[in-house]
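Beneath this line is the structure, given in structure tokens, with notes to follow.
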Amino acid sequence: MDDLRDLYQEIILDHGKAPRNFRHPEDANHESYGHNPMCGDRVRVFVKVGEDQTIADVAFDGKGCAISLASASMMTEVLRGKTLEQARYLVEKFRALIKGETTQESADIELDSELGTLPVLSGVKAFPSRIKCATLPWHTFVAALDGREETTTTD
Ligand code: ZN
């Protein structure tokens, strides 16, 4: 179990240090700014929705703690290429996972499936103050799709 926890830690640190898709795509057609006043995390999420209504590109920039950056980084990897419907479904699934509404068994099973490595972030549910760090990029992604210019974790 400790080995597994070390692995989780390693994945989070890796994404936090070298976030994927940390850039501002010029052709993004949706964007939003998210702020988590509890921790000070600030992210902008950029989305390009293609004509076929799939996520053609998703990227982010901003400043935040390792959890928020890792979550944003993993989010961009998971959502790319998904339909809007699938993307919104995954957002809900991730929220449930982080808030502890999913059992550990199902989290383990899902490790290699739809959510990719995201279940590693489920460890934050033991630290309620960090839950908002993990969910901020996802809130911001939905705000971008919904055409809201900004959002905070208190919404
Ligand atoms: Zn944070």
Side-chain angles (χ1 to χ4, degrees), residues 1-25 28 30-48 55 57-80 82 84 86-104 106-108 110-155:
M1 196 59 205
D2 278 351
D3 286 351
L4 197 59
R5 201 167 300 152
D6 288 349
L7 172 69
Y8 285 5
Q9 197 70 26
E10 217 168 279
I11 294 171
I12 292 171
L13 286 175
D14 175 50
H15 277 271
K17 264 191 272 181
R20 321 298 195 266
N21 301 302
F22 190 89
R23 56 191 165 80
H24 181 178
H30 296 269
E31 80 170 75
S32 189
Y33 168 79
H35 178 213
N36 173 16
M38 299 284 287
C39 176
D41 311 310
R42 295 162 188 277
V43 296
R44 286 193 304 166
V45 173
F46 309 103
V47 187
K48 183 185 177 188
I55 310 293
D57 195 10
V58 49
F60 75 103
D61 67 13
K63 280 185 178 167
C65 65
I67 297 284
S68 66
L69 293 178
S71 182
S73 173
M74 293 184 205
M75 176 185 81
T76 61
E77 291 194 317
V78 164
L79 295 182
R80 177 186 308 271
K82 299 290 189 292
L84 294 179
Q86 285 171 331
R88 287 181 188 272
Y89 164 76
L90 289 172
V91 170
E92 288 312 312
K93 204 167 164 178
F94 178 73
R95 280 189 188 157
L97 176 74
I98 290 300
K99 290 180 178 170
E101 292 160 10
T102 320
T103 63
Q104 188 55 48
S106 62
D108 287 341
E110 284 162 9
L111 193 59
D112 293 317
S113 61
E114 286 171 312
L115 287 174
T117 53
L118 279 164
V120 304
L121 286 170
S122 66
V124 303
K125 64 178 176 252
F127 308 94
S129 65
R130 309 310 299 276
I131 289 175
K132 289 180 172 182
C133 301
T135 56
L136 175 69
W138 300 74
H139 273 294
T140 312
F141 170 76
V142 171
L145 287 189
D146 290 346
R148 283 179 282 130
E149 281 177 17
E150 53 187 276
T151 183
T152 72
T153 48
T154 52
D155 283 355

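All ligand and atom numbering here is 1-based and tracks the order in the structure.
- Shown are the protein N/O/S atoms under 2.8 Å from the Zn ion (ligand 1), given by residue and atom: Cys39 SG, Asp41 OD1, Asp41 OD2, Cys65 SG, Cys133 SG.
- Using cut-offs of 30° and 60° for the angle between ring planes, the Phe22 and Phe60 rings count as perpendicular.
- In this structure, OH on Tyr33 lies 10.0 Å from OG1 on Thr152, to the nearest 0.5 angstrom.
- In the displayed structure, Lys82 atom NZ is contacted under 6.0 Å by more than 12 heavy atoms of other residues, nucleotides or ligands.
- Under the salt bridge (charged side-chain N to carboxylate O under 4.0 Å, His left out) criterion, Arg95 pairs with Glu92, not counting sequence neighbours.
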Could you walk me through whether Arg42 and Asn36 satisfy the side chain to side chain donor-acceptor pair (under 3.5 Å) test, starting with their C-alpha distance in whole Å, then the side-chain angles of each, then the deciding distance to 0.1 Å, before giving a yes or no? CA-CA 6 Å; Arg42 295 162 188 277; Asn36 173 16; over 6 Å; no
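- Arg80 has a carboxylate O that lies under 4.0 Å from a charged side-chain N of Asp57, or vice versa, which qualifies the two as a salt bridge.
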